[in-house]
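Report on the following structure.
None of the values given here were measured: they were computed from a predicted structure.
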Amino acid sequence: MKKCIHCGAEVPEEAAFCPACGQSVTEEAQTSENQQVRPENEQAPETDEYTCEAQAGPKNEGAQEPSAEAPAAAAPAQKKPPVWVWIVGALAVAAIVTAILITGKKDQTPPADAAQTGVTEQVGATEQTEEEPAAEGETQDFVSYTATEAQLTDEVLARVVASCGGKELNNRMLDFYYWQQYYTFANNYGTYLSYLMDTSKGLDEQAYSDTETWQQAFLSGAADMFHSITALNLEADAAGFELSEEDQAQLDAIAQSLDATADYYGMESGIAYLQASFGPKATVEDYVAFARDNLRASRYLEKLMDEMEFTDAEISDYYDQNADTYAENHVEKIDKPMVNVRHILVIPAEQNEDGTYTDEAWAEAEKKAQQLLDGWKAGEATEESFAALANENSEDPGSNTNGGLYEDVYPGQMVDTFDAWCFDEARQPGDTGIVKTDYGYHIMYFVSKGEEIFWFETAKGDLLSERAADLEDSLREKYPMELTLENAAIFDVQAEDRAAANAAAEEAAQSETASDETGDTQEASGEGTQEAANE
């Protein structure tokens, strides 16, 4: 399995498209994405409980244990996370690692008493209330758009939720946009998701903000995504832009990709997997249409972005205008190219009571590091043999499976002594040495200097991000969208799994309670027997 470069979901090796988000995962797309990757040791962003905005964190340190800190390098804050970031999969272009979501306006939320029409059972925006006061993270009065399979009749599926330039988003297509929003969000935050929402409850049962549930927030994000993608496609229509034969071939292979994914997960068919992901009314034909719109918007936007050119002076000025923000995130204006290095970390074995390493442990670690380096020099003394030695001996979990390699290391990224060794003016490929940091001794191997200057490439990417966001805004103004969110009907694909998980948790709790009661009874019985014996 491989990871989707756009949403992070697992994708079978032979798949051309991600079943979760519909984006291309071909080598070409991967290459495009790799031009703007996060630092290898970057961790998941910290988030505000409601805004989900990434917070700036401390300096990234190469040999540091994994933590939940934010990226070391982040761009100036944006007005909002533009949908184009999801479209091209450039999650690391700027600091827009805010989960690719929630770009809808608050005034798009329909009133709680939205009218129902034409359905025997209420489907769409329905007001729900709770008898007990709402606990923190819940809402007492809120709008739910959840619909059962029986309620998703042809009439309900045909209802229009949004329209733009003559193109419509109905409930038949809404689930693709809506659940893509959730899957991208969930994959982006991974194990941190539980800090943001209660995964044991429905998205319409808990608050995203003071005025919206998570369901409403994802719905607004889905409509906003539809708006941007449709506006780009309309502009592509006007320009006579078409997909390449290779792209079309990838679209034609979607059914096969879905079958491969289904087989990996032990499901009977691609359509079974598709409906488990997006609802019982999902079809391969509709999914292909969804994927085509997304792919075409992506390709056209890539074309427009490729045509954007900036002078070195413009990029330098952009950095200077945002110098304070860059300084806070350790993106220094240092004209040194990024470097590639390998290292082997030897961590001292014993600690004092205060958590520091003992002098004896430091001495033993230094001795071991020197022995490893001497042994390597006595052998082939090649980069390949150093990489093998790192895989066998390094205690750095971030690099001990790839030969100790850190690529595109920039000034200020690593701890001071590590950084100073890497960026010594005299440093040459093949140089080795031993460096001490708070984490242990590092056996260093200098691989090469790159051609790119980190601050320059970061500012260039951020400027491109800003211009692309402006382009998105201009197209959205050119092709306005009309919303009728009260028509929305969303199938909860997670309800069954959530119910099973909750039932299992309840059964485990009851079993634990029963076990405790049995223990208490046995203890009381034993005490009674002892008292009788004493009498």
Side-chain angles (χ1 to χ4, degrees), residues 6 21-24 32 75-91 93-94 96 98 100-110 159-171 173-174 176-178 180-181 184 217-244 247 289-310 314 318 461-488:
H6 310 295
C21 71
Q23 286 280 66
S24 172
S32 175
Q78 301 286 335
K79 296 179 296 183
K80 61 180 180 123
V83 173
W84 75 267
V85 177
W86 179 83
I87 299 173
V88 297
L91 299 183
V93 169
I96 313 174
T98 57
I100 328 285
L101 153 85
I102 321 310
T103 53
K105 280 68 175 177
K106 296 297 182 182
D107 60 5
Q108 293 174 352
T109 306
R159 287 182 181 172
V160 176
V161 177
S163 59
C164 175
K167 296 183 181 295
E168 296 178 338
L169 174 65
N170 58 25
N171 283 318
M173 298 298 294
L174 175 62
F176 293 121
Y177 285 91
Y178 174 85
Q180 179 278 326
Q181 290 285 302
T184 300
F218 285 124
L219 177 58
S220 293
D224 208 53
M225 174 183 158
F226 165 78
H227 189 188
S228 288
I229 288 174
T230 302
L232 277 163
N233 273 291
L234 290 169
E235 192 72 1
D237 290 342
F241 177 82
E242 292 298 338
L243 289 171
S244 67
D247 285 337
F290 166 74
R292 183 183 186 280
D293 284 347
N294 281 273
L295 181 61
R296 187 164 179 259
S298 172
R299 292 289 186 256
Y300 186 64
L301 184 57
E302 287 171 358
K303 176 180 179 296
L304 296 179
M305 292 174 70
D306 287 342
E307 294 171 354
M308 296 180 183
E309 296 182 355
F310 311 109
E314 285 180 301
Y318 183 84
D462 296 342
L463 179 56
L464 178 64
S465 168
E466 187 174 282
R467 295 289 174 84
D470 293 341
L471 173 62
E472 177 204 335
D473 287 340
S474 66
L475 290 179
R476 288 158 63 93
E477 291 177 6
K478 183 176 180 179
Y479 303 101
M481 176 176 64
E482 294 183 6
L483 283 172
T484 48
L485 291 185
E486 63 269 21
N487 287 338

TODO: Find the distance between OG (S228) and CG (L475) and round it off to the nearest 0.5 Å.
DONE: 8.5 Å

Open item on the list: If you define the side chain from C-beta out and look only at heavy atoms, does anything of D462 sit under 4.5 Å from Y318?
Closed with: yes

- [ ] Starting at CE of M225, measure out to OG of S220 and round the result to the nearest 0.5 Å.
- [x] 14.0 Å

Open item on the list: Less than 4.5 Å apart, side chain to side chain, heavy atoms only: is that true for L174 and L219?
Closed with: yes

- [ ] Would you kindly say whether S163 and E168 are connected by a side-chain donor-acceptor distance under 3.5 Å?
- [x] no

Open item on the list: Would the distance check show the side chain of N170 and the main-chain N or O of M173 forming a donor-acceptor pair, the cut-off being under 3.5 Å?
Closed with: yes

Open item on the list: Has T184 got a side-chain atom pairing as donor or acceptor with Q180's backbone, closer than 3.5 angstrom?
Closed with: yes

Open item on the list: Would K303 and E235 count as a salt bridge (charged side-chain N to carboxylate O under 4.0 Å, His left out) here? Give the steps.
Closed with: CA-CA 12 Å; K303 176 180 179 296; E235 192 72 1; over 6 Å; no

Open item on the list: Checking the side chain of S465 only, and the main-chain atoms of G461 only, is there a donor and an acceptor separated by less than 3.5 Å?
Closed with: no

Task: Full working for side-chain contact (heavy atoms from CB on, under 4.5 Å) between I229 and N294 - done: CA-CA 6 Å; I229 288 174; N294 281 273; 2.8 Å; yes

Open item on the list: Is it true that, when you exclude E482 itself, more than 12 heavy atoms of the residues, nucleotides or ligands shown sit nearer than 6.0 Å to its CD?
Closed with: no

Task: Salt-bridge criterion met for D224 and R476 (N-O under 4.0 Å) - done: yes

Open item on the list: What verdict does the salt bridge (charged side-chain N to carboxylate O under 4.0 Å, His left out) test give for D237 and R296, after you've listed the backbone C-alpha separation in whole Å, the side-chain angles of each residue and the deciding distance to 0.1 Å?
Closed with: CA-CA 10 Å; D237 290 342; R296 187 164 179 259; 2.9 Å; yes

TODO: Rounded to the nearest 0.5 Å, what's the gap from CZ on F310 to CZ on R467? Could you check?
DONE: 5.0 Å

Open item on the list: Within this structure, what is the CG-CG distance for the pair L471 and L304, rounded to the nearest 0.5 Å?
Closed with: 5.5 Å

- [ ] Find the distance between CZ (R299) and CG (L295) and round it off to the nearest 0.5 Å.
- [x] 5.0 Å

Open item on the list: Between L301 and S298, is there a side-chain heavy-atom distance shorter than 4.5 Å?
Closed with: no

Open item on the list: Determine whether a donor-acceptor pair (N or O, by modelled atom type, separation under 3.5 Å) exists between the side chain of T484 and the backbone of N487.
Closed with: no

TODO: Measure the CG-OG distance between D470 and S474 for me, rounded to the nearest 0.5 Å.
DONE: 7.5 Å

Open item on the list: Does this structure show an ion pair linking E242 with R292, if we count only N-O contacts that are shorter than 4.0 Å?
Closed with: yes

Task: Sub-4.5 Å side-chain heavy-atom contact between N171 and V161 - done: yes

Task: ring-ring contact (aromatic ring centres under 6.0 Å, His included) evaluation trace for Y177 with F290 - done: CA-CA 8 Å; Y177 285 91; F290 166 74; 5.0 Å; yes

Open item on the list: Restricting to non-hydrogen atoms, name the atom on M481 and the atom on A162 that form the minimum distance, rounded to 0.1 Å.
Closed with: SD-CB, 3.9 Å

